[in-house]
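Quick notes on the structure that follows.
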Amino acid sequence: MENFSLTKHELIQLTEDTFIVSFNEWIEFEPTQFIMIETETSIVRKPFGLGRWNKRLAIGVQIIGPGTGYIVQQNVLNAHGPCGRGFVPPGGKGAMIATPACLPMAMDLKERHGCDVFIGSAEELSIEIPFPLVVGDEPFLNLLRSLRGYNWFLIVGSDQMEKVSYDVLKDKAEVFVSFNEYMACGIGACKGCAKETRTGLKHLCIDGPVLRGEEVWS
Ligand SMILES: Cc1cc2nc3c(=O)[nH]c(=O)nc-3n(C[C@H](O)[C@H](O)[C@H](O)COP(=O)(O)OP(=O)(O)OC[C@H]3O[C@@H](n4cnc5c(N)ncnc54)[C@H](O)[C@@H]3O)c2cc1C
Ligand code: FES
């Protein structure tokens, strides 16, 4: 784990509130690992999943408050990482189900492991993406119901989207979920990200963020 500065290469707007930020620098990371980014809006750093876009290190950012707004505006960001366990897919055919803010993570997983990627969005995107995109809740549910022949799924998005997706997919294949809940330190020091699981208490920043869905949900 290191401290480093990242300089912004490009800011790509996807929807009214969601952006891809790509950087001039590269750091080594594993799929679903994240960095903790400093902001001037809070004393705690903010976690963002690492990925790639147009062959550069990138993160997706959905603006939900002052920290995410700051990250989209700044040209230089200080961060530490990579944090968390990298996701190692089990064998067989897999697919990642994700929201637009997770596009860089999805691109990374696709390039490393050749899995399929499906993006569910509340609104149309302002760029073309190289993955199937469904817009709206009902089309998204229909897509999930139609998925067959997979050995594993990885779901990354909002809490609500993840639980809905898990409920549809859990009987079709092994389902992994990235639990992107509130984190303060990202390095196992504050115990703020503790989660009850069937196999005991886990700290999502070091034991996750990806867990088997069935460890947390029935
Ligand atoms: C491991 C991990 C990876 C993440 N990766 C990404 C990513 O790739 N792209 C991305 O856009 N976001 C990601 N997030 C979420 C992102 O870190 C938060 O959206 C961000 O910290 C919010 O900061 P803020 O100052 O803008 O909002 P705040 O002012 O901190 O919060 C605004 C509102 O959102 C709620 N909130 C804040 N953080 C979370 C959260 N983690 N889960 C649910 N509700 C929350 C607050 O309770 C508050 O109501 C990730 C989170 C984790 C834990
Ligand atoms: S965020 Fe501090 S222990 Fe996980």
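Note that the structure is predicted; figures quoted are calculated from it, not measured. For the single chain, residues carry numbers from 1 onward in sequence order. Counting starts at 1 for both ligands and their atoms, in listed order.
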Q.
Do the side chains of K170 and E214 get close enough for a salt bridge, i.e. N-O under 4.0 angstrom?
A. no

Q) With ring centroids as reference points, do F153 and F176 lie under 6.0 angstrom apart? A) no

Q: Indicate yes or no: at least one non-hydrogen side-chain atom of L133 is less than 4.5 angstrom from one of S121.
A: yes

(Q) Does the protein place a non-hydrogen atom closer than 4.0 angstrom to atom 3 (C) of ligand 1? (A) yes

Q) Side-chain contact, heavy-atom cut-off 4.5 Å: M107 with P130? A) yes

(Q) Quick test: of every protein heavy atom, which one is nearest to atom 53 (C) of ligand 1, and how far off is it to 0.1 Å? (A) E181 O, 2.8 Å

Q. In terms of hydrophobic clusters joined by side-chain contacts under 4.5 Å, are F19 and F48 together?
A. yes

**Q.** Under-4.0 Å heavy-atom contact with ligand 1, by part of Q62 that carries it
**A.** both

(Q) Check whether F29 forms a cation-pi arrangement with R112 (NZ or CZ under 6.0 Å from the six-membered ring centre, at most 45° off the ring normal). (A) yes

Q) Do G49 and ligand 1 have an N or O pair less than 3.5 Å apart? A) yes

Q | Residue and atom, protein N/O/S, under 2.8 Å of atom 4 (Fe) of ligand 2 | A | C193 SG, C205 SG

Q) Any N or O of G69 that comes nearer than 3.5 Å to an N or O of ligand 1? A) no

(Q) Can you confirm whether some protein heavy atom lies under 4.0 Å from atom 24 (P) of ligand 1, or whether none does? (A) yes

Q) Under 3.5 Å, N or O to N or O, is P47 touching ligand 1 that way? A) yes

Q) When you look at E38 and R45, which way does the salt bridge (Lys or Arg N to Asp or Glu O under 4.0 Å) test go after all the steps? A) CA-CA 5 Å; E38 257 177 50; R45 294 180 176 202; 2.7 Å; yes

Q.
As a check for students: among N180, V210, I37, V156, identify the option with a heavy atom nearest to atom 40 (C) of ligand 1.
A. N180

Q. What protein heavy atom sits nearest atom 43 (C) of ligand 1, and how far away is it?
A. D159 OD2, 4.5 Å

(Q) Counting non-hydrogen protein atoms only, what is the nearest one to atom 26 (O) of ligand 1? Give residue, atom name and distance. (A) T68 OG1, 2.5 Å

(Q) Please list the nearest protein heavy atom to atom 31 (O) of ligand 1 with its residue and the distance rounded to 0.1 Å. (A) I64 CD1, 4.3 Å

Q: Pull out every atom of ligand 1 sitting under 4.0 Å from any heavy atom of M183, numbered as shown with elements.
A: 1 (C), 53 (C)

**Q.** Top protein contact for atom 30 (O) of ligand 1, by heavy-atom distance
**A.** K46 NZ, 3.0 Å

Q) Below 4.0 angstrom, N of the basic side chain to O of the carboxylate: do K202 and E196 qualify? A) no

Q) Atoms of ligand 1 less than 4.0 Å from F34 heavy atoms? A) 1 (C)

Q) Can you tell me the protein heavy atom closest to atom 9 (N) of ligand 1 and the distance? A) G60 O, 2.7 Å

Q.
Could you tell me if the side chain of K110 sits less than 4.5 Å from the side chain of F131, heavy atoms only?
A. yes

Q. Under the salt bridge (charged side-chain N to carboxylate O under 4.0 Å, His left out) rule, what pairs show up with a residue in residues 129-144, not counting sequence neighbours?
A. E138-R145

(Q) Just by distance, no angles: are the side chains of E25 and T7 close enough, under 3.5 Å, to form a donor-acceptor pair? (A) yes

Q: Record the part of F48 in heavy-atom contact with ligand 1 below 4.0 Å; permitted values are side chain, backbone, both and neither.
A: both

**Q.** Contacting atoms of ligand 1, where contact means under 4.0 angstrom from a heavy atom of Y182
**A.** 41 (N)

Q | Heavy-atom nearest neighbour in the protein, as seen from atom 29 (O) of ligand 1, with distance rounded to 0.1 Å | A | P66 CD, 3.5 Å

**Q.** Side chains of D167 and S165, donor plus acceptor under 3.5 Å
**A.** no

Q. Is there side-chain contact between E10 and F23, with at least one heavy-atom pair below 4.5 Å?
A. no

(Q) Check contact between V61 and ligand 1, using heavy atoms of the residue and a distance below 4.0 angstrom. (A) yes

Q: Could you check whether the rings of Y166 and W217 sit parallel, tilted or perpendicular, using 30° and 60° as the cut-offs?
A: tilted

Q. So, do E40 and Y70 sit near enough that their side-chain heavy atoms are less than 4.5 Å apart?
A. yes

Q | Sub-4.0 Å protein heavy atom next to atom 19 (O) of ligand 1 | A | yes

Q: Please state whether S42 comes within less than 4.0 angstrom of ligand 1, counting heavy atoms only.
A: no

(Q) As a test of the contact definition, would atom 46 (C) of ligand 1 count as having a protein heavy-atom neighbour under 4.0 Å? (A) no

**Q.** ligand 1 atoms in contact with G67 (distance to a heavy atom under 4.0 Å)
**A.** 24 (P), 25 (O), 26 (O)

Q) Does K93 count as lying over the ring of W152, i.e. NZ or CZ under 6.0 Å from the six-ring centre, within 45 degrees of the axis? A) no

Q: May I ask you to test the F4-I35 pair for a side-chain heavy-atom distance under 4.5 Å?
A: yes

Q. Do any N or O atoms from the side chain of T18 and from the backbone of A101 form a donor-acceptor pair under 3.5 angstrom?
A. no

Q: May I ask you to check whether T41 has an N/O atom sitting below 3.5 Å from an N/O atom of ligand 1?
A: no

Q. Which residue holds the protein heavy atom closest to atom 27 (O) of ligand 1, what is that atom called, and what is the gap in Å?
A. G65 CA, 3.6 Å

